[in-house]
Amino acid sequence: MLSTDRKMREQLLAFVNEYVTDVFGKSINYEILFQEKKEELVETLQQALLFVIEAIEDETVSFESVKHFAGQYAEHHIIYFHDGETLIKDCSELKNRFLEQVVHSHFGGQLHSRAVNIISSFVDEYMIRLFKEKQWELEQMEREKFNAIGNMASGMAHELRNPITSIKGFLKLIYEMHPHPQEIHHYYTIIDDEVKRLDYILERFLSLTKRRNLPLNREFEEVNLCRVIERCVSLFEFEFLRLGIETIVQLESHATIKGNSKELEQTFINIIKNACEEFQAHPDQREKILRIACRDSDEKVFVLFFNNGNPISSNDIKKIFSPFYSTKENGTGLGLAICKQIIEAHGGKIKIYPEIDGTMVQLQLPKSSEVQ
């Protein structure tokens, strides 16, 4: 057989050495791996490709056997796989090089077609197996993160509920003892609503670790998004004045969805707060603009928040919704994780992306949503 030919083995070893050096040796993602595991990488890849060649030559070897072998080969590399884009690029490079330098040179006629299919099956199954294993690993890590949040949240909720109870009691006492309660009624209502919102946020924060059980406590109703946005903007009026932020609000009054107004308000407040903190971090910026728009379409409503602060970086976009990841020095990394959870529970999507002159946050919400 061709695969047992000494010359072929030498050619294959040279091919593997060149590939490993080019792909692993010249990539910062695999720098340490290349330095410590080069010989192992070369040996395992050579053995894998020898199997591929034998499978090409021996037509009794089924494609299922090739896929099974690729899965076993992938198990040795799961710990080295971190970046999906890099994996796809590197595997494509392996397949293309193997076709050009080995298949086209050594296999003709009917074997050529089989060779193309065999190497394609091997590489594709290898990638699929790695992605599946990595997905499981990431899900495990996410569960661990949420468990950690749960432990922290339980303690924090207990500590915060005591002062919140005190604030409630004394607020009511001040209002009842005031000689002219009607004069402070507006401010009393705002503070009372905000204290209630604190209570609700604590409850939702605790439920962050139990996302699959959220629908049990979630009530959906008709929500006019414009009213919710207007209320959120009014809460930041002083902050806008203090920081010199110009707000441009464009709302379509008939934009109504099935949802939970408290949760949506929490989401909008968090996004506006992030914009204010971005401007606060750059006090020398002359023109500070926060643009909020609500657009109604046939089946969906889009809520857009744009600020002309520094655009979000491509690296941050990939991690921005991960619990505990924050671009702020004193950030907890929980705000956007909770926002994402809320929007997805409404059957919607949240996206953050850079624009030439700032950052855009886009919320897409269905008008009639089933509880997720």
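Values in this document were obtained by computation on a predicted structure and should not be read as measured data. The residues of the chain are indexed from 1 along the displayed sequence.
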Do the non-hydrogen side-chain atoms of [X] and [Y] ever get within less than 4.5 Å of each other?
X      : Y      : result
Ile272 : Ile292 : yes
Glu278 : His282 : yes
Glu222 : Asn224 : no
Asn308 : Gln285 : yes
Leu235 : Glu194 : yes
Ile245 : Phe236 : no
Asn260 : Gln266 : no

Subject >> Residues which pass side chain to side chain donor-acceptor pair (under 3.5 Å) with Gln364, listed by chain and number, not counting sequence neighbours >> reply: none
**OP:** Output all residues satisfying side chain to side chain donor-acceptor pair (under 3.5 Å) with Ser92, sequence neighbours left out; order by chain, then residue number.
**Re:** none
Straight-line distance of [X] [atom1] to [Y] [atom2], nearest 0.5 Å:
X      : Y      : atom1 : atom2 : value
Ser113 : Ile56  : OG    : CD1   : 11.0 Å
Leu12  : Leu45  : CG    : CG    : 7.5 Å
Tyr175 : Asp192 : OH    : CG    : 10.0 Å
Leu13  : Leu49  : CG    : CG    : 11.0 Å
His346 : Leu264 : NE2   : CG    : 4.0 Å
Thr359 : Ile312 : OG1   : CD1   : 6.0 Å

So which heavy atom on [X] is nearest to which on [Y], and how close?
X      : Y      : answer
Ala275 : Leu290 : CB-CD1, 4.0 Å
Phe51  : Val61  : CZ-CG1, 4.5 Å
Ile356 : Pro311 : O-CG, 4.2 Å
Phe279 : Gly309 : CE2-N, 3.8 Å
Cys276 : Phe240 : SG-CE2, 3.7 Å
Phe63  : Ser121 : CD2-OG, 3.5 Å

More than 12 foreign heavy atoms under 6.0 Å from [atom1] of [X]: is that the case here?
X      : atom1 : result
Arg97  : CZ    : yes
Glu100 : CD    : no
Glu43  : CD    : no
Gln182 : CD    : yes
Glu183 : CD    : yes
Arg295 : CZ    : no
His104 : NE2   : yes

Same cluster for [X] and [Y] if Ile/Leu/Val/Met/Phe/Trp/Tyr side chains link at under 4.5 Å?
X      : Y      : result
Ile191 : Ile174 : no
Ile343 : Met360 : no
Phe15  : Ile119 : yes
Tyr353 : Phe302 : no
Leu171 : Ile164 : yes

Original post:
What do the steps show when you test Ile271 against Leu363 for side-chain contact (heavy atoms from CB on, under 4.5 Å), and what is the final call?
Top reply: CA-CA 11 Å; Ile271 295 170; Leu363 308 180; 4.1 Å; yes
Original post:
Between Ser234 and Arg231, is there a donor-acceptor pair closer than 3.5 Å when you use the side chain of the first and the backbone of the second?
Top reply: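 Between the backbone of Arg231 and the side chain of Ser234 there is a qualifying donor-acceptor contact (under 3.5 Å).
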Subject >> Any donor-acceptor pair under 3.5 Å from Lys288 side chain to Leu243 backbone >> reply: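 At least one qualifying donor-acceptor pair exists.
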**OP:** Describe, in one word, how the ring planes of Phe268 and Phe305 are oriented to each other, choosing from parallel (under 30°), tilted (30 to 60°) and perpendicular (over 60°).
**Re:**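 Rings of Phe268 and Phe305: tilted, 30 to 60°.
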Original post:
Parallel, tilted or perpendicular: which fits the ring planes of Tyr188 and His185, with parallel below 30° and perpendicular above 60°?
Top reply: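 If you compare the ring of Tyr188 with that of His185, the planes turn out tilted.
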**OP:** Considering only NZ, NE, NH1 and NH2 on the basic side and carboxylate oxygens on the acidic side, decide whether Glu125 and Lys95 come within less than 4.0 Å.
**Re:**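 No, no charged N to carboxylate O under 4.0 Å.
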Original post:
Does a salt bridge link Arg114 with Glu59, judged by any charged N lying under 4.0 Å from a carboxylate O?
Top reply: no
Original post:
Can you check side-chain contact (heavy atoms from CB on, under 4.5 Å) on Phe69 and Val66, steps first, answer last?
Top reply: CA-CA 5 Å; Phe69 178 83; Val66 173; 5.8 Å; no
**OP:** Please lay out, stage by stage, how Val301 and Lys367 fare under the test side-chain contact (heavy atoms from CB on, under 4.5 Å).
**Re:** CA-CA 7 Å; Val301 176; Lys367 290 186 176 180; 4.2 Å; yes
**OP:** Test Arg242 against Glu239 for salt bridge (Lys or Arg N to Asp or Glu O under 4.0 Å), laying out the working first.
**Re:** CA-CA 5 Å; Arg242 185 178 72 85; Glu239 193 74 356; 2.8 Å; yes
Original post:
Can you name the salt bridge (Lys or Arg N to Asp or Glu O under 4.0 Å) partners of Lys168, sequence neighbours left out?
Top reply: Asp199
**OP:** Take Ile248 and Phe306 through the side-chain contact (heavy atoms from CB on, under 4.5 Å) test and state the conclusion after the steps.
**Re:** CA-CA 10 Å; Ile248 302 171; Phe306 168 81; over 6 Å; no
